[in-house]
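Notes follow the structure.
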Amino acid sequence: MGTAERRRAPEESVTERSQAGRGQRAPDRGIPAQVRAEESVDGERWQGYRTLWVEEPARRHPMPDPVRTAAVRAVLVIAVTLVQAMVAFLCTLAGSWLAFPMVISSVASTVAATWAVVDVWVTRQVWNQRYGVVSEPSSTARSLRRERRARRRQERASLREQERIRRRGGAGQLSHS
């Protein structure tokens, strides 16, 4: 979305923007839907097909894969912990023999859930330290980027040198015999 589009976006409704964006994309012909006969894209009539949704660019970058994995794991552990706590509470109210084991397992699950949340935090910090832009002199990411840039610079210089030799007619030879 460009600057001009962003400026006019607030006065447009979501449907108007999606209608405008639909003309720029090819229809997904694998999803059948009822479409009025007068709808067309780029002069081509749709034969009863249209896209289900129009993707809009994300405002923020998605989480890195390791962080997302840790977050999903944490959410699952927390959900199981909450279910266990609720079952323990209900068993206690009912006076069931299962109440004590459920309370013990709920305590253990609470420890595991806390560990899972700390894992998300640590994974995020490690990822930012290794690959993120951290404006600290001790950042590992800074030195890795510096090494990558130096390597790319060296590769470009060697390619330029090879191209210069080829242009001179040397066919890759440094000296003629």
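Residue Val117 comes nearest to Ile78 through the heavy atom pair CG2-CD1, 3.7 Å, listed as atom of the first residue, atom of the second, then distance. Counting all heavy atoms, side chain and backbone alike, Ala113 lies closest to Thr81 at CB-OG1, 3.9 Å. Minimum heavy-atom separation, Thr123 to Ala70: OG1-CB, 4.1 Å. Ser109 and Val77 make their closest contact through O-CG1, 4.4 Å (heavy atoms, listed as atom of the first residue, atom of the second, distance). The minimum heavy-atom distance linking Asp119 with Arg73 is given by the pair OD2-NH2, 3.0 Å. Of all heavy-atom pairs spanning Leu144 and Arg130, the tightest one is CD1-O, 3.5 Å.
Remark: the backbone N or O of Val67 is not paired with any side-chain donor or acceptor of Arg124 at under 3.5 angstrom.
From Trp97, atom CH2 reaches atom CE of Met102 across 10.5 Å, with rounding to the nearest 0.5 Å. Here Leu82 contributes atom CG and Met86 contributes atom CE; the two are 8.5 Å apart, rounded to the nearest 0.5 Å. Here the straight-line distance linking atom CH2 of Trp127 with atom CG of Asp65 works out to 9.5 Å at 0.5 Å rounding. Note that CG of Leu159 is 8.0 Å distant from CD of Gln162, once rounded to the nearest 0.5 Å.
If you chain together hydrophobic residues whose side chains sit under 4.5 Å apart, Val111 and Val103 never meet in one group. Using a 4.5 Å cut-off between side-chain heavy atoms of Ile, Leu, Val, Met, Phe, Trp and Tyr, with links allowed through other members, Tyr131 and Met63 fall into the same hydrophobic cluster.
Side-chain contact check for Gln84 and Ser106: no donor-acceptor pair (N or O, by modelled atom type) lies under 3.5 Å.
Contact check on Glu161 versus Arg164 returns a salt bridge, with a Lys/Arg side-chain nitrogen under 4.0 Å from an Asp/Glu carboxylate oxygen.
For Glu163, the salt bridge (charged side-chain N to carboxylate O under 4.0 Å, His left out) criterion is met by Arg166, not counting sequence neighbours.
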